[in-house]
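Shown next, in structure tokens, is the structure this report addresses.
Just so it is clear, the values below take in all heavy atoms, side chains as well, and ignore hydrogens, waters and symmetry mates. Throughout, a chain's letter reflects where its sequence line sits, starting with A, and its residues are numbered from 1.
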Number of protein chains: 2
Amino acid sequence: MKCGCARARLGGGAGTNPSEASDVPDIQRVAPERAQPGHRPGRSSIVRGEIGVGETLPPEMQICEMMDVSRTVVREAIRTLTGKGLIESRPKSGTRVRPPEQWNQLDPDVLRWHLETAKIDRYLAKLFQLRSAVEPAAAALAATHAGEDDIARIRAGCDGMDTAKTNEDFVAADIKFHQAIYFATRNEFFWPIAQMFEITLRQSFTIAAPGSHRPRALREHRAVLDAIAAGDAEAAREATVLLLAHSADDLVRIRGREFETPPAPARRKR
Amino acid sequence: MKCGCARARLGGGAGTNPSEASDVPDIQRVAPERAQPGHRPGRSSIVRGEIGVGETLPPEMQICEMMDVSRTVVREAIRTLTGKGLIESRPKSGTRVRPPEQWNQLDPDVLRWHLETAKIDRYLAKLFQLRSAVEPAAAALAATHAGEDDIARIRAGCDGMDTAKTNEDFVAADIKFHQAIYFATRNEFFWPIAQMFEITLRQSFTIAAPGSHRPRALREHRAVLDAIAAGDAEAAREATVLLLAHSADDLVRIRGREFETPPAPARRKR
DNA sequence: CCGCATTTCATTTGTCATACATTATGACAA
DNA sequence: TTGTCATAATGTATGACAAATGAAATGCGG
């Protein structure tokens, strides 16, 4: 058990958090599920990779005394992390960190933890790759599957963008618009992607909006809405492709080259 | 409390191991010793919708005596479900079911529970909608981002399909092939989709394979592999589109019309 | 007497501490 | 090598208390 002389925190953002200290602190790190929006972030060193993949973290009892909480709390935290696929615990061998491929990358919490540690540009780029794949298809499905209420929600998003005064309102309406499209597919497999979209964008909503070209964005959003309302799947797809392309342009313009380059060229075979 | 005279089951905290499968009823995970053989193994009535959205389920103590287990177990189950976004509990008002849009549809367990209750054809159709949206893009990304090891994995899947004797082996190799493509994108947002893909297909792997046209499938899989290995994104995308189209044809032929019709036409507005 | 704010109360979740059961790992012996 | 057992870790049970909160009861002013 070289494990880690009290250094292996379940949620230990160690030095990153200002203030903190005090006597009550680490519980909130351990119990990620209690992380309310307003709560302080620092947690889950697993996502950070501070605890190697496949390696076991200290036994429950040890964790208990490390952060001075009861085993109940520790177990609940473990249960939560297990549910998100981060760890896996078996009776005698302890609790192990599962390989990153297996954990639920779209889970809201996992997403947030990642956002705290990762390069934001890389992350936005990857997110955009997924959006580019999914959202046109979602719009097309929405065109053929949406009900009246779905369309009303989409329109509400559009209108909200129109009448928004503050930047924040604008982004909020924007998010609602896109979410409504995902829901309008009537396909629950698309919904988690909408969730992810919301979280990621809400975390970094200062990035995109200020630099974007609002009138054009509005026009394009409404084009998508119209196509969906008309039930024209192809038009909806194309309008979405256009919207995403311009949105990507905006991001590149604001964030610079780093955004547009693929995250990991890795190999240049051939 | 009309709620549910002993009908309200909490889905147990099965581990998220995708490979675990087996037919161990989850109820035994909640109440291992008390699970009477005679009792129906019905689980998670939440997913079934037996407990209305937004409504509260009975207090913990009541659940305890309902299924004759300790509160610890109930609480762990609740924690698990909370982590998956199915429910939300606050101190005095009880534990409420969250709207389906908010729960983690891609979570392995949620997925399994759904599969047990839903019409399998509908579900496969929806799954296919997502695949059609994502997989071509994933293949294209794989073509530009894959490393040598990624390609080796994809090739291994291909070869496995080639040499497979039993139907089961064939399907397993097939799954591995597609998963490898998702991983090869080097974009973690794509990974959960691969997970979902595995689980769903493993549950219903008897459906697709027997009726599919193996030689053609093999040829098309290898075409995707070649395109990715060559780094040709467009070719990879097109090859995948073709593969999926034929795969859908097979499904329609086997499962009948029900598969190809959209799950919920809902409205035929203008 | 009625309406509204405040207080109190009771219910439910959250946490703690301890004990026991189960299970897999690793060592030891045949 | 193989079978058995000790051991250490998680899984479960139980009972008690703390905290939070919604709702009823109460007090005050109109």
Ring pair (Phe, Tyr, Trp, His ring centres under 6.0 Å) partners of Phe189(A), counting only residues at least two apart: Tyr123(B)
Approximate separation, where rounding is to 0.5 Å, of Asp174(B) CG and Asp169(B) CG: 12.0 Å
Within this structure, what is the [atom1]-to-[atom2] distance between [X] and [N], rounded to whole angstrom?
{"X": "Ile78(B)", "N": "dT12(C)", "atom1": "CD1", "atom2": "C1'", "result": "11 Å"}
{"X": "Glu60(A)", "N": "dT23(C)", "atom1": "CD", "atom2": "C1'", "result": "14 Å"}
{"X": "Leu81(B)", "N": "dT13(C)", "atom1": "CG", "atom2": "C1'", "result": "16 Å"}
{"X": "Asp68(A)", "N": "dC16(C)", "atom1": "CG", "atom2": "P", "result": "9 Å"}
{"X": "Met61(A)", "N": "dG11(D)", "atom1": "CE", "atom2": "C1'", "result": "14 Å"}
{"X": "Ile63(A)", "N": "dA9(D)", "atom1": "CD1", "atom2": "P", "result": "12 Å"}
{"X": "Ile87(B)", "N": "dT13(C)", "atom1": "CD1", "atom2": "P", "result": "10 Å"}
{"X": "Glu76(A)", "N": "dT13(C)", "atom1": "CD", "atom2": "C1'", "result": "10 Å"}

Residue pair Gln195(A) / Gln102(B), side-chain donor-acceptor N/O under 3.5 Å: no
Counting N and O atoms only, with roles assigned by atom type, does the side chain of [X] sit under 3.5 Å from a partner on the main chain of [Y], one being a donor and the other an acceptor?
{"X": "Lys84(A)", "Y": "Asp109(A)", "result": "no"}
{"X": "Gln105(A)", "Y": "Pro100(A)", "result": "yes"}
{"X": "Asn104(B)", "Y": "Asp107(A)", "result": "no"}

For [N], does OP1 or OP2 lie under 4.0 Å from any side-chain N or O of [X]?
{"X": "Arg75(B)", "N": "dT13(C)", "value": "no"}
{"X": "Thr95(A)", "N": "dA9(D)", "value": "no"}
{"X": "Thr72(B)", "N": "dT14(D)", "value": "no"}

Ring-ring centroid check Trp191(A) Tyr182(A), cutoff 6.0 Å: no
Criterion salt bridge (Lys or Arg N to Asp or Glu O under 4.0 Å) on Asp150(B) and Arg186(B), from CA distance to verdict: CA-CA 9 Å; Asp150(B) 292 317; Arg186(B) 301 278 175 123; 2.9 Å; yes
Ala173(B) to Gly160(B) - nearest heavy-atom pair and separation: CB-C, 3.5 Å
Hey, what are the protein-to-nucleotides 20-23 of chain D N/O distances that come in under 3.5 Å?
unit_1, atom_1, unit_2, atom_2, d
dG22(D), OP1, Arg90(B), NH2, 2.8

Pairing pattern in dot-bracket form [Watson-Crick, G-U; both distances under 3.5 Å; | = partner strand] for DNA chain C: ||||||||||||||||||||||||||||||
